[in-house]
Amino acid sequence: MKKEDPARLMLIISMVIFGTLSIFVRNIGISSGELAFCRAAVASVLIGLMLALRKEKIALPNGKGELVLLLISGAAMGFNWILLFQAYRFTTVSMATLSYYFAPVIVTFVSTVALHEKLTARRLVCFIMSSAGLVLMIGARGGGGNDLTGILLGLGAAVLYATVVLLNKLIKGVSGIHRTFLQFIAAAVVLLPYVLVTGGFTFEKLDGTGWICLLIVCTVHSFFAYCLYFSALKELPGVEVSILSYIDPLVAVLVSILFFREGMSWQQAVGGLCILVFTLLNEIGEEST
């Protein structure tokens with residue numbers, strides 16, 4: 001067995017877990033805000049306990065500027081979850097996931113304009129083709145009850161996730177699971193008042209299945225999957241991480257088609273394929289330059 005094999009397996013498992021998120025979210029009868037808060041709060045507690053057991057000192061941001069960026073990125077992460085969970089409820093899991101994976105395209109565009117990163121021919125072609133794929137998805141009608149609303153919610157989640165990625169580029173003092181731990185805490189702090197002013201907590205709506213699914217999302221999809229992901233990152237090259245990360249949307253699409261029996265028009269399929277293929281090509285190209 002090669003030394004990278006355990007890390008590769010951990011990354012694959014984490015991606016499969018992320019790809020099955022919708023199965024459990026759709027069985028949790030509370031608001032997306034409550035669910036996002038629970039995810040952030042429970043995961044931050046569990047990660048904190050893990051770091052304490054390992055006797056790891058929590059790395060803190062360098063100065064107030066990085067602390068503010070960390071808080072903003074944590075808030076963006078929390079509201080990103082809310083929009084993604086809402087997208088699952090308005091359109092098919094496939095459409096929600098594929099529109100969400102437009103995030104790397106947004107990162108490429110903003111990095112070029114705001115951070116003055118070089119716009120290569122590869123990046124330009126990938127940006128154009130991924131954008132064309134999104135237009136195809138938005139313009140087509142598929143199996144969801146309200147596809148356009150769901151796709152736009154997924155795209156909004158992509159914008160917020162891209163915000164997290166871009167802010168992380170500016171945070172140098174904290175990395176890996178430590179940064180995620182602090183972002184989860186920030187997300188929980190920001191989401192708590194949001195939940196309180198938008199209806200409060202309604203846990204009484206949960207039945208036995210809902211409680212089990214909520215527990216799974218908070219522990220398996222948040223704490224366990226993130227720990228596997230960051231443990232794998234230390235051992236694998238960036239190109240391989242980029243490629244294996246696309247297991248997540250592929251599993252989500254399979255869940256949509258095989259588990260939920262949701263349809264997809266050929267225009268949406270072509271559009272989604274354009275997004276996945278050209279965002280992947282863009283990331284592989286960036287890693288190899």
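Keep in mind that the numbers below use all heavy atoms, side chains included, and drop hydrogens, waters and symmetry copies.
Proximity of Asn80 to Val164: side-chain heavy atoms (C-beta onward) are nowhere separated by under 4.5 Å. At a threshold of 4.5 Å between non-hydrogen side-chain atoms, the residues Thr149 and Thr91 do not count as touching. No side-chain heavy atom of Leu170 sits less than 4.5 Å from a side-chain heavy atom of Glu66. Taking the side chain as every heavy atom from C-beta outward, Gln268 and Thr92 never approach each other to under 4.5 Å. Trp81 has its side chain out of reach of Ser222: every pair of non-hydrogen atoms, C-beta onward, lies at least 4.5 Å apart. By the 4.5 Å heavy-atom criterion applied to side chains, Met137 and Ile275 are counted as neighbours. Residues Ile106 and Tyr161 have side chains not in contact (no heavy-atom distance under 4.5 Å, counting atoms from C-beta outward). For the pair Met15/Tyr229, a side-chain contact is recorded, criterion being any heavy-atom separation below 4.5 Å from C-beta on.
Smallest separation of non-hydrogen atoms from Leu281 and Cys126: CB-SG, 4.0 Å. Residues Ser99 and Gly154 share a closest heavy-atom pair of OG-CA, 3.5 Å.
Between the side chain of Thr97 and the backbone N or O of Ser94, no donor-acceptor pair lies under 3.5 Å. No side-chain donor-acceptor contact under 3.5 Å links Ser111 to the backbone of Thr108. At least one donor-acceptor pair under 3.5 Å links the side chain of Thr20 to the backbone N or O of Ile17. A distance-only check finds a donor-acceptor pair linking the side chain of Ser73 to the backbone of Leu70 [under 3.5 Å].
A distance of 11.0 Å separates CD1 in Ile28 from CD1 in Ile212, rounded to the nearest 0.5 Å. The distance from atom SG of Cys213 to atom CD1 of Ile30, rounded to the nearest 0.5 Å, is 11.0 Å. Interatomic distance, OG1 of Thr163 versus CG of Asn168, reported as 10.5 Å (0.5 Å rounding). We find the CG-CD distance between Leu167 and Gln183 to be 8.5 Å, quoted to the nearest 0.5 Å. To the nearest 0.5 Å, atom CD1 of residue Ile72 and atom CG of residue Leu67 are 10.0 Å apart. Note that CG of Leu46 and OG1 of Thr219 are 7.5 Å apart. Values are rounded to the nearest 0.5 Å.
For Lys205, the side-chain contact (heavy atoms from CB on, under 4.5 Å) test picks out Thr202, with sequence neighbours left out. In this structure, the ring-ring contact (aromatic ring centres under 6.0 Å, His included) partners of Phe79, at least two apart in sequence or on a different chain, are Tyr194. Checked against side-chain contact (heavy atoms from CB on, under 4.5 Å), Phe260 has the following partners two or more places apart in sequence or in another chain: Ser22, Ile23, Arg26, Val93, Val255, Glu262. Residues meeting the ring-ring contact (aromatic ring centres under 6.0 Å, His included) test with Phe181, sequence neighbours left out: none. A search for side-chain contact (heavy atoms from CB on, under 4.5 Å) contacts involving Leu9 returns Ile13, not counting sequence neighbours. With sequence neighbours excluded, the residues that form a salt bridge (charged side-chain N to carboxylate O under 4.0 Å, His left out) with Glu240 are Arg8. When the salt bridge (charged side-chain N to carboxylate O under 4.0 Å, His left out) test is applied to Arg54, the partners found at least two apart in sequence or on another chain are Glu56. Residues forming a side-chain contact (heavy atoms from CB on, under 4.5 Å) with Leu124 (at least two apart in sequence, or on another chain): Leu119, Ile128.
Side-chain contact, Tyr88 with Ser32: no donor N or O sits under 3.5 Å from an acceptor N or O.
For the side-chain contact (heavy atoms from CB on, under 4.5 Å) with Trp211, the qualifying choice from Leu214, Thr209, Leu215 is Leu214, the only one to do so. Screening Phe102, Phe278, Phe109 against Phe127 for a ring-ring contact (aromatic ring centres under 6.0 Å, His included) leaves a single residue, Phe109. Put simply, the residue from Ile47, Thr180, Leu11 that forms a side-chain contact (heavy atoms from CB on, under 4.5 Å) with Phe230 is Thr180.
Identified under the ring pair (Phe, Tyr, Trp, His ring centres under 6.0 Å) test for residues 14-64, with sequence neighbours left out: Phe18-Tyr226, Phe24-His221, Phe37-Phe201. Residue pairs meeting the salt bridge (charged side-chain N to carboxylate O under 4.0 Å, His left out) criterion with at least one member in residues 156-174, sequence neighbours excluded, are Glu117-Lys169. Sequence neighbours left out, not one pair with a member in residues 67-78 passes salt bridge (charged side-chain N to carboxylate O under 4.0 Å, His left out).
Other residues sharing a hydrophobic cluster with Val45 under the 4.5 Å side-chain heavy-atom criterion for ILVMFWY residues are Leu49.
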